[in-house]
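What follows is one structure encoded as structure tokens, with my remarks underneath.
Naming convention: chains lettered A, B, ... in sequence-line order (proteins, then strands); numbering from 1 in each chain. Side chains are part of it too, since the values below use all heavy atoms of this structure and drop only hydrogens, waters and symmetry mates. Just so it is clear, the structure is predicted and the values come from calculations on it, not from any experiment.
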There are 2 protein chains.
Amino acid sequence: MVIGPRQDRRPTMNDVAARAQVGLRTVSRYVNGMTNINPEMAERIRSAIEELGYRRNLAAASIRPGQTSGVIGLVIGDLANPYWAALARSVESVAAETGLLLTIASSEEDGARHDWVVERLLQQQVDMIIDVAPRTVGRSWSHWSPPLPPVVFVDRPGDLAGADTVLADNRGGTRDAVAALLAGGARRIAFVGDDRALHTMDERYEGYLLAHAQHGVVVDPTLVFETSHSSGQAVDLVARLLREGRADALFAANNRAAVGALLAFRTVGTRLPIIGFDDFEAAPLFDPPLSVVAQDVEAMGRAAVRAGLDRLQGDDGPARVQVLPTTLQLRGSERP
Amino acid sequence: MVIGPRQDRRPTMNDVAARAQVGLRTVSRYVNGMTNINPEMAERIRSAIEELGYRRNLAAASIRPGQTSGVIGLVIGDLANPYWAALARSVESVAAETGLLLTIASSEEDGARHDWVVERLLQQQVDMIIDVAPRTVGRSWSHWSPPLPPVVFVDRPGDLAGADTVLADNRGGTRDAVAALLAGGARRIAFVGDDRALHTMDERYEGYLLAHAQHGVVVDPTLVFETSHSSGQAVDLVARLLREGRADALFAANNRAAVGALLAFRTVGTRLPIIGFDDFEAAPLFDPPLSVVAQDVEAMGRAAVRAGLDRLQGDDGPARVQVLPTTLQLRGSERP
DNA sequence: TTGAAAGCGCTAACAC
DNA sequence: GTGTTAGCGCTTTCAA
């Protein structure tokens with residue numbers, strides 16, 4: 001009977017050390033890419049690894065305090081929304097550049113689910129958490145018992161002191177968009193958006209007010225709608241607006257609202273000048289092409305990972321809030 | 001001087017056991033949700049956990065052979081494509097139902113990158129890998145040294161014996177779509193697609209041929225294009241086609257090609273009957289609304305996770321290949 | 001530079 | 001049912 005590893009047991013570092021006739025320590029140094037290893041030993045280790053089909057167990061390597069898991073956790077609303085998908089893509093891409101893996105979890109905008117996911121991510125020992133605070137907020141971040149990995153909030157501010165934040169210039173972007181509509185002659189611009197309890201919505205609403213103020217135009221409060229959670233709700237709302245003829249332009253405060261407005265245009269058979277917030281792939285394909293305030297999602301993802309990485313490397317300066325500029329993409333739909 | 005845990009050391013199970021005055025074993029059983037625990041002890045443990053802010057270290061729990069990590073690995077082409085995003089969403093959703101986390105990695109359709117990502121996922125001890133084989137394939141899956149976690153291929157077959165596979169009915173879906181175009185009177189239907197070396201493309205091409213054969217229509221090979229990797233390439237191609245007037249209908253074999261065709265329609269100012277493969281959010285918003293062959297991505301993701309979970313539970317039957325039906329969504333663009 | 005040995009936080013035999 | 005103890009695969013003092 002042969003003495004050796006069981007059939008289905010994967011080879012360990014010990015097996016490699018034994019086979020290569022070197023100490024465990026040396027194998028560890030080898031797989032960790034350390035220099036200063038006797039070339040001859042290195043070669044023995046290399047071939048032992050190959051022959052054995054050895055694969056490092058990163059879970060075991062990371063149980064020691066102070067060790068990193070090499071995994072970033074990202075909590076977003078929902079991968080179905082192209083905006084979150086784009087953010088996730090950006091984060092994944094930057095993470096991969098650094099050799100990190102990305103675990104993505106959806107909060108479905110629900111506080112309880114968000115908290116479960118965060119807890120799970122923490123248990124999994126992720127190196128950092130990039131968090132989009134959900135619409136209905138759960139327990140406060142500050143209630144999580146330390147030590148916590150670096151936390152970075154994206155898109156919306158969170159409630160953890162010391163956490164960095166990456167936001168888009170919702171206010172300025174909206175102001176520019178609404179200003180463009182006003183410059184086109186519109187005077188009764190409807191704001192079709194979601195609940196202003198959402199930080200982004202509130203900021204966009206402020207931008208909407210600001211543009212009006214700067215142009216000396218008075219806002220009609222009955223043209224402000226905060227109930228477009230989904231495109232379906234926006235459809236009904238915009239259809240009604242079109243029939244009533246009360247508005248002469250539309251600002252769609254997120255991509256759901258924009259899609260709903262376009263559907264309503266089609267249903268009712270008439271349209272209004274419109275600008276949306278958040279770009280999406282199909283926006284240029286409509287007739288006329290949809291103008292939007294585009295966020296630099298790529299840059300936001302990159303900035304978030306960067307911030308977390310800096311913290312990981314010991315940066316313990318005060319929390320930073322980065323507000324990234326938006327771009328007004330005028331494609332035609334802003335005209336009557 | 002107080003003897004105790006260092007400030008930044010997170011409490012361990014040992015700390016909990018000490019504080020609750022119970023054995024380590026009992027704490028372990030408690031956090032693992034086992035029943036049959038003395039209620040009084042359970043309460044002591046519960047409060048000790050709360051007071052200490054104890055959090056389980058799942059990485060440590062999973063280093064023992066046979067233990068699971070509670071993480072699924074998903075390898076897709078790219079989160080930027082709404083098709084992959086939808087698949088990822090589906091997988092994440094099903095995973096969460098089971099208490100599993102999802103690590104998503106993009107292969108960028110590159111074999112080498114795919115292999116790196118898979119290796120990393122294996123090192124991370126994921127419980128299963130759901131894999132979309134990249135366009136340019138790397139090393140064979142069978143070269144990975146066992147034992148391997150369950151592997152499930154989605155969208156395209158892979159090269160690992162014993163791995164389950166979940167595919168869409170590309171052939172049947174395309175046949176139905178092209179048949180609809182033929183039924184509408186089209187006789188010169190262009191196939192605008194990607195390289196046929198891609199399994200899905202080849203199947204869609206077969207469906208295209210099949211529909212023609214069934215209708216007794218001869219295919220003109222000069223109407224078959226395999227160079228639409230991106231929407232940009234499709235734009236040029238379709239624009240040329242429109243100017244030449246050689247085709248009287250279009251089958252866009254993926255959503256990139258469809259988007260490109262629509263852009264070309266706009267540029268040239270004329271259009272043709274068209275049906276695309278893969279549904280996307282904006283498809284119904286075009287004028288006319290884009291008809292598509294829709295895959296049930298939700299079901300595909302679900303089936304993939306299900307298959308992997310079955311394997312995890314000891315199912316060692318022969319590899320299963322599931323081909324999920326597609327749906328032809330006729331919305332208007334198939335008409336002249 | 002290298003090797004032996006002591007842990008990391010947790011699970012699972014093994015006795016009680 | 002509960003406590004004790006021996007590992008899991010790896011990193012890291014500590015000597016040599």
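Judged by distance alone, the side chain of A/Arg19 and the main-chain N or O of A/Leu52 form no donor-acceptor pair under 3.5 Å. Between the A/Thr98 side chain and the A/Leu100 main chain, no donor and acceptor come within less than 3.5 Å of each other. Formation of a donor-acceptor pair under 3.5 Å by the A/Arg156 side chain with backbone atoms of A/Ala133 is found in this model. Judged purely by atom type and a 3.5 angstrom limit, A/Arg320 has no side-chain atom pairing as donor or acceptor with the backbone of A/Ala163.
For the pair A/Arg311 and A/Asp316, the salt-bridge criterion is not met [side-chain N within less than 4.0 Å of a carboxylate O].
The environment of A/Glu40 atom CD is sparse: at most 12 non-hydrogen atoms of other residues, nucleotides or ligands sit within 6.0 angstrom. Within 6.0 Å of CD on B/Glu43 lie more than 12 heavy atoms contributed by other residues, nucleotides or ligands.
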Which pairs would a plain distance check flag for residues 69-77 of chain A, meaning a side-chain donor or acceptor within less than 3.5 Å of a matching protein atom at least two apart in sequence or in another chain?
| residue | atom | partner | partner atom | Å |
| --- | --- | --- | --- | --- |
| A/Ser69 | OG | A/Val71 | N | 3.4 |
| A/Ser69 | OG | A/Gln125 | O | 2.6 |
| A/Ser69 | OG | A/Asp127 | OD1 | 3.2 |

**OP:** Between protein and nucleotides 10-16 of chain C, map the contacts as a letter string: B base, S sugar-phosphate only, - none, heavy atoms under 4.0 Å, written 5' to 3'.
**Re:** SBBBB--

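The footprint of chain B on DNA chain D, defined by a heavy-atom cutoff below 4.0 Å, extends from D/dG1 to D/dG9.
Atoms CG (B/Asp15) and C1' (C/dG7) sit 15 Å apart, rounded to a whole Å.
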